[in-house]
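The structure displayed is predicted, hence computed values, not measured ones. The basis for the numbers below is simple: all heavy atoms, side chains too, and nothing from hydrogens, waters or symmetry mates. All residue numbers in this chain count up from 1 along the given sequence.
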Amino acid sequence: MEVYLQWITGLFLTLILTIVFTVLFTKIKGNLFEDIRGGIPKAVGIAPFIVMVLLFPEPYKYLIVIIGITAFVDDVIGRKRLTSYLEVGQLVRGLGLIIVMIWGYYLAGPVAILVALMIQIYNIADMQPGVACITTLIMSALSFAILVLLGSVAYYIPVLLFMICLGYMSLDYSGYIMMGEVGNHSFGVALGMCLALVSAEFTKIFLPANVFYPVEFIIMLILFLITAIIIAELRRETLTYYLERYLKIDNPTFGDLLMDVLTGGGLGDLFRKLILENKQIQVKNNFLIALGFRRLLYNPVKVS
């Protein structure tokens, strides 16, 4: 298929499937329908997931398949507890993340670790309508521009992601639908692969082979952090409210907001519970406060 036709197909097929699943999940209800703002169909992100699976190149599309399926299982099951610390969905998604990391490492090397961890920051992005989509549009456009400047033929992949996101985002941005775990995880891994392509192409052109993987990882880490910074900025108001109201972190710094994007949510809280147990660490150093250590070390387990 010609790349231009592929881009157009990605746009309109996503748009059509988004409408179909919005209507379908509204009728099905259950765990696929959130009782907020009068009721919103959840996991409509299965629409762009399907299009990514159909149109993304092999073998990288299989990473999207793995994370998308495990994430959709979580969306369907809902918040069922396995232990006091762990939900069934968290376990399934966690297995998906590990598989993406291992298989991705075989395909692309150490940058696969950061590709898989894009799941974390996109999960936080998706807690506010439109943020995950806007971030995807910005970073996929940036990836396209860099790949074109580097003369890479892989430029069509971030454009494809851009078009798929464009086909999905209107209802999401308006708050009428939710992409769910299947959507934000799929977008996270897909964008992660685009950033990995940028990192690889940049390193391949400017650096010798014997330092390829370490430098590639550093470039990927920079792009990863830029993505997280964009999310923190887009969610500045809501994250500030959340940290002040629910975590009692007074006057949160931008470092706190960024740390919430990097380590917040169920996965980050689970690790904090396991590592800190019942300990509550007070951070008073101004430099560490600026870096966001109050959020990093906030333990959701309350001492009775």
Side-chain angles (χ1 to χ4, degrees), residues 34 36 67 70-71 73-75 77-98 100-101 113-128 131-132 135 178 180-181 184-185 188 192 221 224-304:
E34 287 286 331
I36 56 175
I67 202 61
T70 55
V73 169
D74 183 23
D75 286 325
I77 290 175
R79 308 198 65 175
K80 291 185 179 179
R81 288 277 173 187
L82 190 63
T83 69
S84 58
Y85 282 174
L86 187 64
E87 295 174 2
V88 175
Q90 286 177 331
L91 176 62
V92 175
R93 286 188 290 121
L95 290 173
L97 185 150
I98 292 170
V100 167
M101 241 182 233
I113 297 170
L114 295 174
V115 171
L117 289 178
M118 288 289 289
I119 293 166
Q120 162 63 23
I121 63 176
Y122 258 67
N123 198 28
I124 303 299
D126 190 38
M127 291 179 181
Q128 181 175 326
V131 172
T135 304
M178 295 172 66
E181 308 293 9
N184 64 59
H185 285 34
L221 179 61
F224 179 89
L225 290 174
I226 290 172
T227 308
I229 289 169
I230 291 172
I231 292 170
E233 179 58 38
L234 290 173
R235 290 206 58 202
R236 181 187 285 268
E237 186 176 339
T238 54
L239 284 179
T240 299
Y241 176 80
Y242 169 74
L243 295 181
E244 287 183 328
R245 175 73 181 271
Y246 295 101
L247 304 191
K248 309 303 179 186
I249 296 177
D250 296 326
N251 300 315
T253 65
F254 189 77
D256 289 315
L257 308 185
L258 181 58
M259 201 61 73
D260 189 79
V261 173
L262 293 171
T263 71
L267 184 62
D269 285 344
L270 175 62
F271 276 104
R272 275 183 276 261
K273 289 175 185 177
L274 294 174
I275 294 169
L276 297 177
E277 296 179 338
N278 288 329
K279 296 175 185 175
Q280 298 291 339
I281 299 175
Q282 298 297 318
V283 179
K284 298 182 179 179
N285 181 279
N286 288 333
F287 180 68
L288 294 180
I289 288 174
L291 290 179
F293 271 66
R294 288 183 299 175
R295 177 61 185 110
L296 175 64
L297 298 176
Y298 176 83
N299 189 354
V301 177
K302 300 293 184 182
V303 180
S304 57

Participant: On a heavy-atom basis, which atom in G192 and which in V115 lie closest, and how many Å separate them?
Facilitator: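 G192 and V115 have their closest heavy atoms at O-CG2, 3.5 Å.
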Participant: Work out which heavy atom in L247 is nearest to a heavy atom in Y298; give both atom names and the distance.
Facilitator: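 In this case the closest contact between L247 and Y298 is CD2-CE2, 3.3 Å.
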Participant: Sequence neighbours excluded, which residues qualify as side-chain contact (heavy atoms from CB on, under 4.5 Å) partners of A125?
Facilitator: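 Result, side-chain contact (heavy atoms from CB on, under 4.5 Å) vs A125: V131, A132, I231.
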Participant: Go through the structure and list residues passing salt bridge (Lys or Arg N to Asp or Glu O under 4.0 Å) with E34, not counting sequence neighbours.
Facilitator: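 Expected list: K42.
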Participant: Quick check: closest heavy atoms across T227 and T135, and the distance to 0.1 Å?
Facilitator: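 Where T227 meets T135 most closely, the heavy atoms are CG2-CG2, 3.6 Å.
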Participant: The criterion is salt bridge (Lys or Arg N to Asp or Glu O under 4.0 Å); which residues satisfy it with D75, sequence neighbours excluded?
Facilitator: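 Expected list: none.
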Participant: For the atom pair OH (Y122) and CD1 (I67), what is the distance rounded to the nearest 0.5 Å?
Facilitator: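 Answer for the OH-CD1 pair, Y122 versus I67, is 14.5 Å.
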Participant: Excluding sequence neighbours, so at least two apart, what forms ring pair (Phe, Tyr, Trp, His ring centres under 6.0 Å) with F293?
Facilitator: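 If we apply the ring pair (Phe, Tyr, Trp, His ring centres under 6.0 Å) test to F293, skipping adjacent residues, there are no hits.
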Participant: List the residues meeting salt bridge (Lys or Arg N to Asp or Glu O under 4.0 Å) with D126, not counting sequence neighbours, and say none if there are none.
Facilitator: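 For D126, no residue satisfies salt bridge (Lys or Arg N to Asp or Glu O under 4.0 Å) once neighbours in sequence are set aside.
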Participant: Restricting to side-chain contact (heavy atoms from CB on, under 4.5 Å), what partner residues turn up for I281, sequence neighbours left out?
Facilitator: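 Partners of I281 under the side-chain contact (heavy atoms from CB on, under 4.5 Å) test: L276, L297.
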Participant: I would like to know whether R93 and N123 meet side chain to side chain contact (heavy atoms under 4.5 Å, CB included); could you show each step before the answer?
Facilitator: CA-CA 12 Å; R93 286 188 290 121; N123 198 28; 4.3 Å; yes
Participant: Pair L262, L225 - check side chain to side chain contact (heavy atoms under 4.5 Å, CB included), show working.
Facilitator: CA-CA 9 Å; L262 293 171; L225 290 174; 4.3 Å; yes
Participant: List in chain and number order the residues that pass side-chain contact (heavy atoms from CB on, under 4.5 Å) with N251, two or more places apart in sequence or in another chain; answer none if no residue qualifies.
Facilitator: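 Partners of N251 by the side-chain contact (heavy atoms from CB on, under 4.5 Å) criterion, ordered by chain and then number, come out as E244.
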Participant: Please collect all salt bridge (charged side-chain N to carboxylate O under 4.0 Å, His left out) contacts where either partner lies in residues 224-238, sequence neighbours excluded, each pair once.
Facilitator: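 Sorted result for residues 224-238: E233-R236.
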Participant: Closest approach of P252 and L257, non-hydrogen atoms and distance?
Facilitator: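 Looking at all heavy atoms of both residues, the shortest contact is CB-CD2, 4.4 Å.
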Participant: So, do L239 and V261 sit near enough that their side-chain heavy atoms are less than 4.5 Å apart?
Facilitator: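 L239 vs V261: side chains touch.
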Participant: Among all residues two or more places apart in sequence or in another chain, which pass the side chain to side chain donor-acceptor pair (under 3.5 Å) test with T263?
Facilitator: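 For T263, the residues satisfying side chain to side chain donor-acceptor pair (under 3.5 Å) (neighbours in sequence not counted) are R272.
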Participant: Do you know which of D256, T253, D260 makes side-chain hydrogen bond (donor to acceptor under 3.5 Å, both in side chains) with R295?
Facilitator: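 Testing each of D256, T253, D260 against R295, the sole residue satisfying side-chain hydrogen bond (donor to acceptor under 3.5 Å, both in side chains) is D260.
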